[in-house]
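Working notes for the structure below.
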Amino acid sequence: MVKIYTNEEYTKSYTELIEILKYFSKYDLEKIPKDIIKIYIKDRDEKYEFSYDPELDIDEQNVSKLTKILLANLYIEYLADENEKLYIKNKDLLQLKEIEKQEQEKYDIENIFNNKNKKHSIDTEVSNNTSLIIVSNKTNIIKRVFEKIKRFFMSK
(Lines give C-alpha, C1' and ligand atoms only; values in the text may rest on other atoms or scores of the structure.)
Protein backbone atom coordinates (compact mmCIF):
# COMPACT_ATOMS: atom_id res chain seq x y z
CA MET A 1 0.00 0.00 0.00
CA VAL A 2 1.30 3.43 -0.92
CA LYS A 3 1.32 6.01 1.85
CA ILE A 4 0.71 9.62 0.96
CA TYR A 5 2.76 11.96 3.15
CA THR A 6 1.63 15.43 4.16
CA ASN A 7 3.59 18.63 3.60
CA GLU A 8 4.23 18.78 7.35
CA GLU A 9 5.75 15.30 7.27
CA TYR A 10 7.96 16.30 4.36
CA THR A 11 9.17 19.50 6.04
CA LYS A 12 10.06 17.59 9.22
CA SER A 13 11.82 14.91 7.18
CA TYR A 14 13.81 17.58 5.36
CA THR A 15 14.92 18.92 8.74
CA GLU A 16 16.01 15.44 9.83
CA LEU A 17 17.71 14.85 6.49
CA ILE A 18 19.71 18.08 6.67
CA GLU A 19 20.87 17.19 10.18
CA ILE A 20 21.95 13.70 9.04
CA LEU A 21 23.72 15.10 5.95
CA LYS A 22 25.94 17.14 8.28
CA TYR A 23 27.66 13.88 9.21
CA PHE A 24 28.32 12.80 5.61
CA SER A 25 31.86 13.08 4.30
CA LYS A 26 32.65 16.02 2.05
CA TYR A 27 33.34 13.53 -0.75
CA ASP A 28 29.83 12.03 -0.47
CA LEU A 29 28.14 15.42 -0.12
CA GLU A 30 29.76 16.59 -3.34
CA LYS A 31 28.05 13.71 -5.18
CA ILE A 32 24.60 15.08 -4.23
CA PRO A 33 23.53 18.00 -6.45
CA LYS A 34 23.56 21.31 -4.60
CA ASP A 35 20.10 22.15 -5.98
CA ILE A 36 18.59 19.20 -4.14
CA ILE A 37 20.26 20.11 -0.86
CA LYS A 38 19.07 23.71 -1.31
CA ILE A 39 15.49 22.46 -1.72
CA TYR A 40 15.77 20.46 1.51
CA ILE A 41 17.14 23.52 3.33
CA LYS A 42 14.52 25.87 1.87
CA ASP A 43 11.55 23.58 2.58
CA ARG A 44 12.57 22.27 6.01
CA ASP A 45 10.63 22.97 9.21
CA GLU A 46 12.79 25.47 11.04
CA LYS A 47 10.72 25.13 14.24
CA TYR A 48 11.22 21.37 14.41
CA GLU A 49 14.26 20.38 16.43
CA PHE A 50 16.06 17.17 15.63
CA SER A 51 19.41 15.91 16.78
CA TYR A 52 21.26 13.01 15.23
CA ASP A 53 23.82 10.85 17.00
CA PRO A 54 26.24 9.36 14.46
CA GLU A 55 27.34 6.78 17.05
CA LEU A 56 23.91 5.11 16.96
CA ASP A 57 22.33 3.15 14.13
CA ILE A 58 19.62 5.07 12.28
CA ASP A 59 17.00 2.54 13.43
CA GLU A 60 17.88 3.29 17.05
CA GLN A 61 17.02 6.96 16.63
CA ASN A 62 13.79 8.86 16.24
CA VAL A 63 14.06 9.18 12.47
CA SER A 64 10.82 9.14 10.49
CA LYS A 65 10.13 6.53 7.86
CA LEU A 66 9.93 9.26 5.23
CA THR A 67 13.43 10.45 6.14
CA LYS A 68 14.72 6.89 5.74
CA ILE A 69 13.06 6.71 2.32
CA LEU A 70 14.62 10.02 1.28
CA LEU A 71 18.04 8.86 2.49
CA ALA A 72 17.69 5.60 0.59
CA ASN A 73 16.75 7.49 -2.56
CA LEU A 74 19.75 9.80 -2.18
CA TYR A 75 22.00 6.80 -1.69
CA ILE A 76 20.66 4.90 -4.69
CA GLU A 77 20.60 7.93 -6.95
CA TYR A 78 23.91 9.60 -6.09
CA LEU A 79 26.14 7.55 -3.77
CA ALA A 80 25.84 3.91 -4.81
CA ASP A 81 28.18 2.53 -7.43
CA GLU A 82 26.84 0.63 -10.44
CA ASN A 83 27.14 -2.79 -8.76
CA GLU A 84 25.18 -1.61 -5.73
CA LYS A 85 22.52 -0.03 -7.94
CA LEU A 86 22.17 -3.28 -9.88
CA TYR A 87 21.94 -5.30 -6.64
CA ILE A 88 19.27 -2.97 -5.22
CA LYS A 89 17.31 -3.03 -8.48
CA ASN A 90 17.34 -6.84 -8.56
CA LYS A 91 16.35 -7.05 -4.90
CA ASP A 92 13.46 -4.64 -5.52
CA LEU A 93 12.33 -6.70 -8.52
CA LEU A 94 12.33 -9.88 -6.43
CA GLN A 95 10.28 -8.18 -3.72
CA LEU A 96 7.80 -6.87 -6.30
CA LYS A 97 7.45 -10.34 -7.81
CA GLU A 98 6.77 -11.78 -4.36
CA ILE A 99 4.14 -9.14 -3.67
CA GLU A 100 2.53 -9.79 -7.07
CA LYS A 101 2.52 -13.53 -6.36
CA GLN A 102 0.81 -12.97 -3.00
CA GLU A 103 -1.76 -10.68 -4.61
CA GLN A 104 -2.37 -13.18 -7.39
CA GLU A 105 -2.94 -15.97 -4.85
CA LYS A 106 -5.20 -13.73 -2.80
CA TYR A 107 -7.38 -12.85 -5.80
CA ASP A 108 -7.10 -16.17 -7.64
CA ILE A 109 -10.47 -17.14 -9.13
CA GLU A 110 -10.44 -20.58 -7.52
CA ASN A 111 -9.73 -19.08 -4.10
CA ILE A 112 -12.52 -16.54 -4.54
CA PHE A 113 -15.00 -19.29 -5.42
CA ASN A 114 -13.80 -21.46 -2.54
CA ASN A 115 -14.28 -18.54 -0.16
CA LYS A 116 -17.76 -17.91 -1.59
CA ASN A 117 -18.66 -21.58 -1.08
CA LYS A 118 -17.42 -21.44 2.50
CA LYS A 119 -19.43 -18.29 3.11
CA HIS A 120 -22.47 -19.85 1.45
CA SER A 121 -22.26 -22.95 3.64
CA ILE A 122 -21.94 -20.76 6.75
CA ASP A 123 -24.92 -18.66 5.63
CA THR A 124 -26.92 -21.81 4.96
CA GLU A 125 -26.03 -23.20 8.37
CA VAL A 126 -27.02 -19.95 10.06
CA SER A 127 -30.26 -19.69 8.10
CA ASN A 128 -31.05 -23.34 8.87
CA ASN A 129 -30.51 -22.71 12.57
CA THR A 130 -32.59 -19.56 12.39
CA SER A 131 -35.41 -21.26 10.57
CA LEU A 132 -35.45 -24.02 13.16
CA ILE A 133 -35.68 -21.49 15.93
CA ILE A 134 -38.48 -19.64 14.19
CA VAL A 135 -40.42 -22.83 13.53
CA SER A 136 -39.85 -23.85 17.12
CA ASN A 137 -41.20 -20.49 18.33
CA LYS A 138 -44.20 -20.77 16.01
CA THR A 139 -44.89 -24.23 17.29
CA ASN A 140 -44.81 -23.00 20.87
CA ILE A 141 -47.17 -20.13 20.04
CA ILE A 142 -49.53 -22.44 18.16
CA LYS A 143 -49.48 -24.92 21.03
CA ARG A 144 -50.25 -22.19 23.52
CA VAL A 145 -53.12 -20.84 21.44
CA PHE A 146 -54.46 -24.36 20.92
CA GLU A 147 -54.15 -25.06 24.67
CA LYS A 148 -56.06 -21.85 25.51
CA ILE A 149 -58.82 -22.75 23.06
CA LYS A 150 -58.93 -26.26 24.46
CA ARG A 151 -59.16 -24.94 28.04
CA PHE A 152 -61.87 -22.51 27.01
CA PHE A 153 -64.02 -25.32 25.64
CA MET A 154 -63.16 -27.68 28.52
CA SER A 155 -64.14 -25.17 31.13
CA LYS A 156 -67.68 -24.79 29.73
Please test Lys12 against Glu16 for salt bridge (Lys or Arg N to Asp or Glu O under 4.0 Å), starting from the C-alpha separation and ending with a verdict.
CA-CA 6 Å; Lys12 287 185 177 187; Glu16 294 175 359; over 6 Å; no

Working to the nearest 0.5 Å, report the span between CG of Leu74 and CG of Leu79.
7.0 Å

Can you tell me how far the CG atom of Leu70 sits from the CG atom of Leu17, to the nearest 0.5 Å?
6.0 Å

So, taking the atom named NZ in Lys68 and the one named CD in Gln61, what distance separates them when rounded to the nearest 0.5 Å?
9.5 Å

May I ask you to establish whether Lys91 and Tyr87 are in a cation-pi arrangement, using a distance under 6.0 Å from NZ or CZ to the six-membered ring centre and at most 45° from the ring axis?
no

Residue among Thr67, Asn62, Ile20 satisfying side chain to side chain contact (heavy atoms under 4.5 Å, CB included) with Tyr52:
Ile20

Gln95 vs Glu98 side-chain heavy atoms within contact, under 4.5 Å
no

In the single-linkage hydrophobic clustering (I, L, V, M, F, W, Y; side-chain heavy atoms under 4.5 Å), do Leu71 and Tyr23 co-cluster?
yes

Please give me the minimum heavy-atom distance between Glu77 and Lys85, naming the atom from each residue.
O-NZ, 3.5 Å

Donor-acceptor under 3.5 Å (Glu84 side chain, Asp81 main chain):
yes

For the atom pair CD1 (Ile88) and CG (Asn83), what is the distance rounded to the nearest 0.5 Å?
11.0 Å

Which residues satisfy the ring pair (Phe, Tyr, Trp, His ring centres under 6.0 Å) test with Phe50, sequence neighbours excluded?
none

Tell me which donor-acceptor pairs under 3.5 Å the side chains of residues 26-40 have, and how far apart each pair is, sequence neighbours excluded?
{"from": "Asp28", "atom 1": "OD2", "to": "Ser25", "atom 2": "OG", "distance (Å)": "3.4"}

To the closest 0.5 Å, what do you measure between OH (Tyr48) and OH (Tyr14)?
14.5 Å

N/O donor-acceptor pair under 3.5 Å between Ser64 side chain and Ser13 backbone
no

Any non-hydrogen side-chain atom of Glu19 less than 4.5 Å from a side-chain atom of Thr15?
no

CD (Glu82) and NZ (Lys89) are apart, to the nearest 0.5 Å, by 10.5 Å

